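Take a look at the structure below.
A quick note: this is a predicted structure, and the numbers were derived from the prediction, not measured.
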Amino acid sequence: MARVGVHALVSGRVQGVYYRQSTALHAERLALAGWVRNLADGRVEVWVEGEEAAVRELADWLRQGPERALVDGVELEEVVLQGFVDFCVRG
């Protein structure tokens with residue numbers, strides 16, 4: 001199966017609700033690589049790489065997020081693979 005990369009911007013109540021950590025745990029379970037971080041404007045930014053089906057599954061999960069999140073929208077953009085080997089939470 002093909003490997004793909006996706007950049008996502010998640011808006012709504014997604015900071016302070018365990019969104020980054022939950023994203024990292026979900027990505028790790030799916031054997032994905034990349035990172036997640038909070039942005040100053042209240043959104044969460046995600047860069048993910050891996051098998052296409054797993055990336056799609058994470059993208060679907062981003063639309064809901066953890067229990068206390070209220071996701072208003074997710075912007076997805078396919079990107080060139082950067083070769084990440086693990087998934088981490090960034091500042």
I'd like to know whether Arg43 forms a side-chain contact (heavy atoms from CB on, under 4.5 Å) with Gln15, so could you lay out the CA-CA distance, the side-chain angles of the two residues, the decisive distance to 0.1 Å, and finally the verdict. CA-CA 7 Å; Arg43 294 180 297 171; Gln15 291 190 13; 5.6 Å; no
Atom pair CZ (Arg13) and CG (Asp72), whose distance is rounded to the nearest 0.5 Å: 10.5 Å
Can you measure from OG1 (Thr23) to OH (Tyr18) and round to the nearest 0.5 angstrom? 10.0 Å
Atom pair CD (Glu67) and OG (Ser22), whose distance is rounded to the nearest 0.5 Å: 10.0 Å
Enclosure of Gln82 CD (heavy-atom neighbours >12, cutoff 6.0 Å): yes
Sequence neighbours left out, what passes side-chain hydrogen bond (donor to acceptor under 3.5 Å, both in side chains) with Arg63? Give chain and number order. Asp60
Quick one: name the residues clustered hydrophobically with Leu9, using the 4.5 Å side-chain heavy-atom rule over I, L, V, M, F, W, Y, and just say none if it's on its own. Leu39
Residues Val79 and Trp47: closest non-hydrogen pair is CG2-CZ2, 3.3 Å
Hydrogens and angles aside, do Glu45 and His7 bring a side-chain donor and acceptor to less than 3.5 Å of each other? yes
side-chain contact (heavy atoms from CB on, under 4.5 Å) between Arg3 and Glu51: does it pass, once the steps are laid out? CA-CA 4 Å; Arg3 291 182 56 81; Glu51 295 297 327; 3.7 Å; yes
In the hydrophobic clustering that connects Ile, Leu, Val, Met, Phe, Trp and Tyr at side-chain heavy-atom distances below 4.5 Å, which members other than Leu30 occupy its cluster, ordered by chain and number? Val4, Val6, Val10, Val14, Val17, Tyr19, Leu32, Val36, Val44, Val46, Val48, Val55, Leu58, Trp61, Leu62, Val71, Val74, Leu76, Phe87, Val89
Verify side-chain contact (heavy atoms from CB on, under 4.5 Å) between Arg90 and Arg20, making sure each step is shown before the conclusion. CA-CA 9 Å; Arg90 290 187 173 177; Arg20 289 179 304 160; over 6 Å; no
